[in-house]
Amino acid sequence: MYDKILVPTDGSDTSEAAVEHAIDLAEKYGAEVHALYVVDTDSMSLSLGGEQLDRIEQGQFGEMDEVRERAESATGYVADRAAEHGLETVEHISAGRPHSQIDNYVESNGIDLVVMGSHGRSGVRRALLGSVTERTLRSTHAPILVVDVDRSE
Ligand code: ATP
Ligand code: MN
C-alpha cells in the first residue's frame, strides 16, 4: 500500500512526533522515507528571486548559512532517526510556499503517504491546524496522516 512515505518537516520539536509515526509505518511497509524541508518564502523577510530559489534547490545557499543549517538539520534529524531503525532516507530541500512544494514533491516522486504534524514551528494553538497542514490537506491528493503534536504519546 505504501512504498514512499514523505515527512515534510520545518525542523520544529513539534514535527518530531510525526517523524516517529512515519518511521514506524515505513518499517512495517518496507517503505522508503523521504524528508522535505521547504525554505518558506512566505515567512522570510528577505524576498528571494527565482534564480535564488533555483540555487537553493541545487543546494547553493550562498551567504544564507543560517538558512542552510536549519534546512539540513531538519532533514538530517529525520535521516538520523530513520537510520537508527535501519532505514534509508531521501533528503530534499526546496524553496517556495511550503504546501505548494509539498504538492510538487508528492506528484514528482510518486509519494503514496504524507505524514505531518498538526502544528509546527510557530506553535500557535488557537488554530485547530497549522496553515501549512490545512493547505496541504486541501491541495494534495495523496493520503495524509496528521499527527496531533499535543497528544502524540
Ligand atoms: P503557522 O505556520 O500556520 O503559523 P504552525 O507553524 O504551528 O502554524 P504549520 O506550519 O502548518 O503549523 O506546521 C504543521 C506541519 O507542517 C509541520 O509539523 C510540518 O510537518 C509541516 N511544515 C510546516 N512548515 C514546513 C516547511 N517549511 N517545510 C516542510 N514542512 C513544513
Ligand atoms: Mn509554520
Side-chain angles (χ1 to χ4, degrees), residues 2 4-26 31-50 52-62 64-82 87 89-153:
Y2 305 128
K4 292 182 176 187
I5 300 177
L6 173 65
V7 195
T9 173
D10 63 356
S12 57
D13 293 351
T14 51
S15 46
E16 290 176 5
V19 175
E20 299 309 311
H21 284 254
I23 289 172
D24 191 69
L25 284 165
E32 199 169 85
V33 177
H34 291 244
L36 172 67
Y37 177 92
V38 183
V39 176
D40 185 350
T41 50
D42 279 345
S43 77
M44 288 182 87
S45 46
L46 67 160
S47 61
L48 299 175
Q52 280 168 302
L53 299 185
D54 289 345
R55 277 199 225 115
I56 289 174
E57 300 270 344
Q58 289 156 23
Q60 294 165 14
F61 289 81
M64 296 182 288
D65 286 335
E66 277 176 37
V67 176
R68 176 204 287 275
E69 273 164 35
R70 180 172 291 190
E72 289 178 350
S73 85
T75 62
Y77 174 82
V78 179
D80 289 348
R81 290 292 298 142
L87 296 168
T89 302
V90 178
E91 295 179 58
H92 190 75
I93 294 164
S94 72
R97 304 192 74 195
H99 74 282
S100 307
Q101 295 300 315
I102 293 167
D103 261 8
N104 287 347
Y105 195 90
V106 166
E107 295 303 323
S108 328
N109 295 280
I111 296 297
D112 30 41
L113 178 69
V114 180
V115 181
M116 61 198 300
S118 55
H119 298 85
R121 184 168 284 282
S122 88
V124 176
R125 290 291 183 277
R126 280 193 310 272
L128 178 61
L129 288 175
S131 61
V132 173
T133 298
E134 187 176 338
R135 289 180 184 135
T136 306
L137 282 166
R138 287 183 201 279
S139 59
T140 300
H141 294 294
I144 302 179
L145 173 63
V146 179
V147 179
D148 183 335
V149 297
D150 286 330
R151 290 185 226 163
S152 54
E153 300 299 305

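For ligands, and for the atoms within them, numbers begin at 1 and follow the listed sequence. Here, residue 1 is the first one in the sequence, and each next residue gets the next number.
Shown in contact with Met116 at under 4.0 Å from a heavy atom are these atoms of ligand 1, numbered in order with element: 16 (O), 20 (O), 21 (C). If you number the atoms of ligand 1 from 1 as listed, the ones under 4.0 Å from a heavy atom of Thr133 come out as 11 (O), 14 (C), 15 (C), 16 (O). Atoms of ligand 1 lying under 4.0 Å from any heavy atom of Ser15, numbered from 1 in the order shown and given with element: 18 (O). Residue Gly130 approaches ligand 1 through these ligand atoms, each under 4.0 Å from one of its heavy atoms: 3 (O), 8 (O), 9 (P), 11 (O), 12 (O). Those atoms of ligand 1 with a heavy atom of Gly117 less than 4.0 angstrom away are 14 (C), 15 (C), 18 (O), 20 (O).
In this structure the side chain of Met64 never reaches within 4.5 angstrom of the side chain of Val39, judged on heavy atoms. Counting only heavy atoms from C-beta outward, the side chains of Met116 and Ile102 approach each other to under 4.5 Å.
The closest protein non-hydrogen atom to atom 24 (N) of ligand 1 is Asp10 CB, 3.5 Å. Among protein heavy atoms, the minimum distance from atom 1 (P) of ligand 1 is reached at Ser122 OG, 3.4 Å. The shortest contact between atom 12 (O) of ligand 1 and any protein heavy atom is with Gly120 N, 3.0 Å. Here the protein heavy atom with the shortest distance to atom 19 (C) of ligand 1 is Pro8 O, 3.3 Å.
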(request) Begin with the C-alpha distance, continue with both residues' side-chain angles, and end with the deciding distance and a verdict on side-chain contact (heavy atoms from CB on, under 4.5 Å) for Val90 and Glu32. (result) CA-CA 8 Å; Val90 178; Glu32 199 169 85; 4.1 Å; yes

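The N/O atoms of Ser131, backbone and side chain alike, include one that comes under 3.5 Å of an N/O atom in ligand 1. Close N/O approach between Ile102 and ligand 1 is not found [any backbone or side-chain N/O within under 3.5 Å]. No N or O atom of Ser118 sits closer than 3.5 Å to an N or O atom of ligand 1. The shortest N/O to N/O separation between Val38 and ligand 1 falls below 3.5 Å.
At a heavy-atom distance under 4.0 Å, only backbone atoms of Leu36 (N, CA, C or O) approach ligand 1. Contacts of Thr9 with ligand 1, taken as heavy-atom pairs under 4.0 Å, involve the backbone alone. Counting heavy atoms closer than 4.0 Å to ligand 1, residue His119 contributes atoms from both its backbone and its side chain.
Side-chain atoms of Asp112 never come within 3.5 Å of backbone atoms of Tyr2 as a donor-acceptor pair (strictly under, hydrogens ignored). Looking only at distances, no side-chain donor or acceptor of Arg135 sits under 3.5 Å from a matching main-chain atom of His99. Side chain of Gln101 to main chain of Ala95: a donor-acceptor pair is present (N/O by atom type, distance under 3.5 Å, no hydrogens or angles). Remark: the backbone N or O of Ile111 is not paired with any side-chain donor or acceptor of Asn109 at under 3.5 angstrom. For the pair Asp10 (side chain) and Gly120 (backbone), a donor-acceptor distance under 3.5 Å is absent.
For residues 103-128, the pairs satisfying ring-ring contact (aromatic ring centres under 6.0 Å, His included) are His34-Tyr105, His92-Tyr105, with sequence neighbours left out.
Taking only non-hydrogen atoms, the option from Asp13, Asp40, Val132 nearest to atom 22 (N) of ligand 1 is Val132.
When all heavy atoms are compared, the tightest approach of Ala18 to Gly117 is CB-N, 3.7 Å.
Looking at residues two or more places apart in sequence or on another chain, you find a side-chain contact (heavy atoms from CB on, under 4.5 Å) between Ala26 and Ile5, Ala31, Val33, Leu87.
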